[in-house]
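What follows is one structure encoded as structure tokens, with my remarks underneath.
Note that ligands are numbered from 1 as they come in the structure, with each ligand's atoms numbered from 1 the same way. The model shown is predicted, which means the values in this text are computed figures rather than measured ones.
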Amino acid sequence: MWAYSFVVPFVAGKGGLSSNALQAVSPFRPDAAVSDICSSETTELADIDWDSLGFAYVPTDYMYTMKCARGGIFSKGELQRFGNIELNPSAGVLNYGQGLFEGLKAYRKEDGNILLFRPEENALRMKIGAERMCMPSPTVEQFVEAVKATVLANKRWVPPPGKGSLYIRPLLIGTGAVLGVAPAPEYTFLIYVSPVGNYFKEGVAPINLIVEHELHRATPGGTGGVKTIGNYAAVLKAQSIAKAKGYSDVLYLDCVHKKYLEEVSSCNIFVVKDNVISTPAIKGTILPGITRKSVIDVARSQGFQVEERLVVVDELLDADEVFCTGTAVVVSPVGSITYKGKRVSYEEGGFGAVSQQLYTALTRLQMGLTEDKMNWTVGLN
Ligand SMILES: Cc1ncc(COP(=O)(O)O)c(C=O)c1O
């Protein structure tokens, strides 16, 4: 392992890791092209215990960065050794929270191919969020090419089939210095990756949620519908209290009427009653989840009726099944929900029939185990 970082120039949007883009050399192996180093590092799996992956940060080999001035456009990015970044203490992201993130996954297939799941959807969501947060954003093509380059450079960290996935974390942050409240003069798009297993400590066992009716994560007209970093700082208090009491996470209500379901801290929520699947409609205060959208499409293609509408908290009381969706959580069955001291339990010990069917259909598609009729997966090899 080298002590110093080196930089691999990479022009996003020009077709991935070209040999031209890999001319930089390691300071410790000046005779070795980075392409050699990348390929020797990526042919073998990383030496970690693949059976004990959770959802915790594991440092990997490379990260991708690309900078842009306020009012400008992103043009040239580069892969570099994964490591700390330097920031001016007055950076917009540190002082005023001007930042967005994304999350997507890469899966390794039995044949060695690596699949991304709908990366252009993450790119589009980042574009929409960037507009709300007054930031320039990479184009969809730049985003997708940068994701591909970062995954390929860290290929040895993509878990073996069935052991998990490589979680890909694109960031868009205001890195230029500002003092008064204003958009930062410079922005950085950065991607790092980490191998992950299950998000909840329960694994694929049902999770236990508590409905929060005092603290809110979003307000109408606010930023709840974009993936800005501040939305996550805002949920830490309710989430910490819930976890200390033994719950897996918090289910939020709308802040106006305090009676309509919104979402969980990091995933969307679905309620099943008499084989009809309902989920809160997208109206600016919840994140338009890519897994949510995919599950809705999969469910409809399997003949289910799916309603996107206002879902009243009381509907939880007589639901047949409740489940959550998200890139990190995939499809997670909910075992119980506690609301104002009253606990409602659902399927004992596992998935309900509907959520099991959707989980299986979605994960088989994501892992390349079934024909991708939706054209959602993007292969890297
Ligand atoms: C607040 C919130 N809701 C929902 C989701 C699910 O979105 P996706 O399915 O795109 O991962 C996430 C995760 O990204 C999230 O952070």
Side-chain angles (χ1 to χ4, degrees), residues 55 97 99-107 116-129 132-133 140 143-144 147 165-172 191 193-194 196 198-200 207 209 212 215-219 222-239 242 248-255 260-271 279-299 306 308 311 322-332 334 355 358-359 361-363 365-366 374 376-377:
F55 205 89
L100 290 168
F101 70 94
E102 270 302 327
L104 63 159
K105 282 177 172 173
Y107 289 91
L116 298 172
F117 186 68
R118 311 188 79 177
E120 66 292 340
E121 291 288 333
N122 297 87
L124 278 169
R125 189 166 65 187
M126 179 169 269
K127 252 178 110 55
I128 293 165
R132 176 67 177 83
M133 303 301 290
V140 170
F143 181 105
V144 173
V147 165
S165 57
L166 188 72
Y167 185 74
I168 305 155
R169 173 53 63 83
L171 297 175
L172 180 62
I191 305 177
V193 296
S194 186
V196 295
N198 289 317
Y199 184 79
F200 291 115
I207 56 170
L209 300 177
E212 173 61 58
L215 300 173
H216 296 282
R217 76 173 280 286
T219 55
T223 57
V226 297
K227 212 162 162 59
T228 185
I229 55 177
N231 290 347
Y232 298 83
V235 300
L236 295 179
K237 177 117 183 146
Q239 197 191 48
S248 322
D249 213 326
V250 175
L251 173 55
Y252 294 91
L253 296 181
D254 81 285
C255 72
Y260 298 113
L261 302 186
E262 294 243 299
E263 61 181 327
V264 181
S265 309
S266 60
C267 44
N268 295 112
I269 188 103
F270 286 75
V271 176
T279 192
I282 301 294
K283 50 180 176 44
T285 52
I286 67 172
L287 195 78
I290 295 158
T291 322
R292 173 190 179 279
K293 180 172 162 172
S294 308
V295 159
I296 290 173
D297 286 351
V298 167
V306 184
E308 296 178 76
V311 182
V322 178
F323 63 91
C324 295
T325 64
T327 298
V329 309
V330 194
V331 174
S332 273
V334 175
S355 47
L358 297 174
Y359 170 84
L362 182 72
T363 52
L365 216 158
Q366 289 174 327
M374 308 285 201
W376 283 342
T377 54

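Using a 4.5 Å heavy-atom threshold, the side chains of Tyr252 and Ser265 count as touching. With a 4.5 Å cut-off on side-chain heavy atoms, Leu209 and Ile269 count as touching.
Proximity to Gly326 (heavy-atom distance under 4.0 Å) selects the following atoms of ligand 1: 6 (C), 9 (O), 11 (O). Below 4.0 Å from some heavy atom of Glu263 lie the following atoms of ligand 1, by number and element: 1 (C), 2 (C), 3 (N), 4 (C). Of all atoms in ligand 1, listed by their number and element, those nearer than 4.0 Å to a heavy atom of Gly289 are 7 (O), 8 (P), 9 (O), 10 (O). Against a heavy-atom cut-off of under 4.0 Å, Lys227 is close to the following atoms of ligand 1: 12 (C), 13 (C), 14 (O), 15 (C), 16 (O). Per-residue contacts place Tyr232 under 4.0 angstrom from the following atoms of ligand 1 (heavy atoms of the residue considered): 1 (C), 2 (C), 15 (C), 16 (O). Each of the following atoms of ligand 1 lies closer than 4.0 Å to a heavy atom of Arg125: 7 (O), 8 (P), 10 (O). Ligand-side atoms of ligand 1 in range of Thr327: 8 (P), 9 (O), 10 (O), 11 (O), range being under 4.0 angstrom from any heavy atom.
Between the side chain of Asn122 and the main chain of Gly103, a donor-acceptor pair closer than 3.5 Å is present. Put simply, the side chain of Thr377 never gets that close to the backbone of Phe117: no donor and acceptor are under 3.5 Å apart. Listed for the Arg125 side chain is a donor-acceptor partner under 3.5 Å among the backbone atoms of Pro288.
Looking from atom 9 (O) of ligand 1 to the surrounding protein, the closest heavy atom is Thr291 OG1, 2.6 Å. Of all protein heavy atoms, the one closest to atom 12 (C) of ligand 1 is Ser266 O, 3.2 Å.
For the pairing with Arg217, the salt bridge (Lys or Arg N to Asp or Glu O under 4.0 Å) check across Glu212, Glu262, Glu263 returns one residue only, Glu263.
No more than 12 heavy atoms of other residues, nucleotides or ligands lie within 6.0 Å of NZ in Lys237, so this atom counts as exposed by the packing criterion.
By the criterion of a heavy-atom distance under 4.0 Å, the backbone of Ser265, and not its side chain, is placed next to ligand 1. Heavy atoms of Arg217 found under 4.0 angstrom from ligand 1 belong exclusively to the side chain.
Between Tyr232 and Phe101, the ring center distance clears the sub-6.0 Å criterion.
Residue-to-ligand polar distances keep Thr325 apart from ligand 1: every N/O pair is separated by 3.5 Å or more.
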